[in-house]
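Every chain is numbered from 1 and lettered A, B, ... according to where its sequence line falls, protein lines coming before strand lines.
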Amino acid sequence: MPRVLLVEDDQSLGRTLHERLRKERLEVEWVQTIAAAEAALASGRWDLAILDVKLPDGSGFGLARRIKRESLTPIMFMTALNSAENRLEGFEIGAEEYLPKPFHLKEFILRVRHVLATERVADVVAVQGREIDLSALTVTTPDGQRSFLQVRDGRLLKLLIASAPAVVDRSDILTRVWEHDQATPTRAVDNAIVRLRQALQDDQGEIIRSVRGVGYQWTPEGGG
Amino acid sequence: MTRSRSHSGLHYVIAAVWLAVTVSLASWWLSVGLRLTNRHRMFVWEGGTFIVLLVAGGVAIVLAIRREHGRRQAIEAFFMSFTHDLKTSLASIQLQAESLREDWPEAAPREPLDRLLHDTVRLQIQLENSLFVSQPDGRLLRERVDVVSTFARLAQDWPELSVEVRGSESVIADARAFEAVCRNLLQNAVVHGGAARVTVSLAPAGSGRVRMTVSDHGRGVSASILPSLGEPFAKGGEARGTGMGLFVCRQLVARMGGSLTFLSASAESPGFTAMLELPGTR
């Protein structure tokens with residue numbers, strides 16, 4: 001069952017969303033402050049964090065930045081702050097969705113389902129004798145060697161796995177993993193792929209296949 | 001927010017320039033007085049008094065600008081906080097009504113809930129309009145907005161209204177502002193036109209622009225009122241409404257680099273027609 005963290009300080013709205021998300025067969029934890037959200041985030045892996053922005057003990061934007069820096073959890077903002085500056089900030093942080101209040105229940109559920117469908121990958125992925133733990137950000141090779149991934153490399157790996165069998169465009173990778181950072185060159189993507197291949201001992205590019213002029217593809221059965 | 005900052009900055013610059021020019025003139029007058037051998041005391045006193053008065057006036061102006069700036073910031077902060085709370089409450093009411101509606105037995109009458117949902121939509125539109133009116137220079141983004149999916153989403157607000165979109169185009173606009181324009185047009189069609197059907201036709205308009213014609217099949221408005229529509233507080237011959245909806249629409253469309261005109265009834269569109277032109281994505 002997908003785990004969703006709901007951070008909303010308004011009692012009435014929080015309770016309604018909590019009930020509806022549970023009806024959708026999601027495991028939901030509802031908290032009302034950033035401190036409580038940080039404690040919940042530290043307690044395990046989450047498939048989605050739904051954040052309000054104006055919270056009693058700080059800004060949801062700051063919390064989202066910390067989540068993006070430290071984990072692979074996708075983020076959906078749900079806020080009454082809907083100015084151009086606010087929306088830009090939300091997308092610059094790398095939020096998967098930005099839903100302005102008020103909104104329709106149907107639309108909210110659809111967007112939650114969409115993020116879960118596109119971003120959700122099993123905690124542990126086995127591929128050609130390797131074991132990738134996206135929760136612990138580790139890769140264990142058949143000879144028992146274990147390497148630790150950087151958060152951004154983990155996010156890239158998760159994106160490739162979630163998008164398979166589609167080829168993921170370099171610019172798409174930059175937008176979604178480097179969070180709209182205009183200054184990042186596409187070479188940064190190639191460098192991250194080199195690090196991932198080293199961790200996976202995939203020197204021939206069979207697990208992460210390069211598609212010339214386009215980007216990269218996750219081919220667990222061996223792309224050649 | 002942007003507006004008040006830039007305006008108060010301009011006020012400070014004007015005050016500083018005025019102060020510099022007038023104090024320089026007074027200083028020149030004073031120095032002339034000091035150089036003269038006859039009646040120089042009169043020039044010195046006049047120049048000195050002039051400088052003191054000007055400096056005092058300048059300081060008073062700067063203080064007044066600062067006070068006004070602070071007051072405006074406080075009002076904006078209050079307004080932002082107020083609208084934030086209002087939007088959160090509206091979201092809560094809307095979601096609870098929709099939850100109840102979903103859980104309601106099929107046979108039970110749903111009219112009260114539908115009316116409640118309509119009222120939340122009306123409040124939402126008024127709230128957005130008031131935000132746009134209060135921030136006439138607020139920043140707008142240039143985003144790719146898909147017109148078909150925008151109308152499909154907005155049509156949920158009026159389940160009794162049939163919205164048909166002909167053609168498929170995207171425009172370059174601020175998604176929130178574009179939504180506000182479309183929502184106002186649909187709301188007017190239902191509330192003021194009594195329309196049950198709206199047709200949206202999309203077509204290229206040349207020079208990379210997209211023409212969007214929104215026609216309702218309602219009562220329409222008299223041709224004599226058309227020229228005044230889009231002006232503040234202009235109403236389509238009814239006492240209802242604030243008369244700000246179409247004004248906000250026209251302002252927003254202009255700020256997004258487009259144009260908005262209103263047409264009277266024709267054989268093809270018996271009700272009210274709004275024609276928008278916005279930059280396209282092609």
Side-chain angles (χ1 to χ4, degrees), chain A residues 6-24 28 30 32 50-56 59-61 76-92 95 97-112 114 171 175 180, chain B residues 1-2 5 76 79-103 117 119-125 127-128 131-132 134-135 137-143 149-150 152-159 173-177 179-180 183 255-256:
Chain A
L6 172 65
V7 189
E8 168 61 62
D9 64 324
D10 186 83
Q11 280 282 345
S12 172
L13 183 59
R15 194 177 297 278
T16 310
L17 290 174
H18 184 227
E19 282 167 9
R20 292 312 296 189
L21 288 169
R22 284 180 67 182
K23 275 193 178 175
E24 293 294 314
V28 190
W30 168 36
Q32 296 177 46
I50 303 172
L51 310 180
D52 188 10
V53 174
K54 214 173 160 191
L55 291 162
S59 162
F61 285 140
M76 176 171 151
F77 285 114
M78 169 198 66
T79 173
L81 300 176
N82 192 21
S83 70
E85 287 85 356
N86 294 140
R87 281 183 291 147
L88 265 184
E89 189 169 0
F91 285 118
E92 275 166 7
E97 289 284 353
Y98 194 100
L99 187 61
K101 290 177 188 170
F103 45 78
H104 287 287
L105 184 62
K106 209 184 280 178
E107 189 182 2
F108 173 74
I109 298 293
L110 272 176
R111 293 209 196 189
V112 168
H114 173 74
S171 60
T175 308
H180 304 262
Chain B
M1 201 80 93
T2 316
R5 258 203 305 268
E76 275 183 4
F79 196 62
M80 293 309 287
S81 173
F82 170 71
T83 52
H84 178 275
D85 286 354
L86 208 56
K87 279 183 178 180
T88 304
S89 304
L90 261 179
S92 181
I93 293 169
Q94 184 171 335
L95 292 186
Q96 287 180 68
E98 284 179 349
S99 293
L100 274 173
R101 201 179 185 283
E102 272 190 12
D103 299 340
L117 285 168
D119 287 342
T120 61
V121 171
R122 276 177 58 192
L123 268 174
Q124 199 178 324
I125 292 172
L127 190 59
E128 274 296 85
L131 276 172
F132 280 121
S134 71
Q135 296 174 320
D137 297 328
R139 188 174 172 190
L140 295 183
L141 298 179
R142 283 174 57 81
E143 306 165 78
S149 62
T150 301
R153 197 170 58 253
L154 295 180
Q156 291 178 53
D157 289 343
W158 297 275
D174 179 281
R176 176 186 164 216
E179 246 187 55
R183 202 174 250 144
R255 284 170 59 196
M256 291 188 285

- Message: Which atoms of B:Gln96 are under 4.5 Å from chain A, going by heavy atoms: the side chain, the backbone, both sets, or neither?
- Response: both
- Message: If you apply the rule salt bridge (charged side-chain N to carboxylate O under 4.0 Å, His left out), what do you find for B:Glu98 with A:Lys106, and how did you get there?
- Response: CA-CA 9 Å; B:Glu98 284 179 349; A:Lys106 209 184 280 178; over 6 Å; no
- What residue pairs, at least two apart or across chains, pass salt bridge (Lys or Arg N to Asp or Glu O under 4.0 Å) with a residue in residues 6-16 of chain A? A:Glu8-A:Lys101
- Message: Counting heavy-atom pairs closer than 4.5 Å to chain B, which one of A:Leu88, A:Leu81, A:Asp52, A:Thr79 comes out on top?
- Response: A:Leu88
- Message: Does any backbone or side-chain atom of B:Gln156 lie under 4.5 Å from a heavy atom of chain A? Answer side chain, backbone, both or neither.
- Response: both
- Item | Residue B:Phe82 excluded, over 12 heavy atoms near CZ under 6.0 Å | no
- Message: Please report the interatomic distance CZ(A:Arg87) to CG(B:Leu141), rounded to the nearest 0.5 Å.
- Response: 5.0 Å
- Given that the side chain runs from C-beta out, which part of B:Asp85 has a heavy atom under 4.5 Å from chain A: side chain, backbone, both or neither? neither
- Using a 4.5 Å cut-off on heavy atoms from C-beta on, say whether the side chain of B:Lys87 contacts that of A:Pro100. no
- Query: How long is the gap from CD on A:Gln11 to OG1 on B:Thr88, to the nearest 0.5 Å?
  - Reply: 13.5 Å
- Taking all non-hydrogen atoms of both residues into account, name the closest pair between A:Thr16 and B:Ser99 and its distance. CG2-OG, 4.1 Å
- Query: Which bit of A:Ser12 comes within less than 4.5 Å of chain B, counting heavy atoms only: side chain, backbone, both or neither?
  - Reply: both
- Measure B:Ala177 against the heavy atoms of chain A and call it side chain, backbone, both or neither at under 4.5 Å. neither
- In Å and rounded to the nearest 0.5 Å, what is the CZ to CG distance from B:Arg176 to A:Asn86? 9.0 Å
- Is any side-chain heavy atom of B:Glu102 closer than 4.5 Å to a side-chain heavy atom of A:Leu105? yes
- Task: Quick one: which of B:Leu117, B:Ile93, B:Leu95 has the most heavy-atom pairs under 4.5 Å with chain A, could you say?
- Result: B:Leu95
- Message: Shorter than 4.5 Å, heavy atoms on both sides: which option in B:Thr83, B:Leu131, B:Asp157, B:Leu140 has the most such pairs with chain A?
- Response: B:Asp157
- Task: With side chain to side chain contact (heavy atoms under 4.5 Å, CB included) as the test, would you mind laying out the steps for A:Leu110 and B:Arg153 before giving the verdict?
- Result: CA-CA 12 Å; A:Leu110 272 176; B:Arg153 197 170 58 253; over 6 Å; no
- Message: Working to the nearest 0.5 angstrom, can you tell me the gap between A:Glu19 CD and B:Asp103 CG?
- Response: 9.5 Å
- Side-chain heavy-atom pair A:Pro102, B:Thr120 within 4.5 angstrom cut-off: no
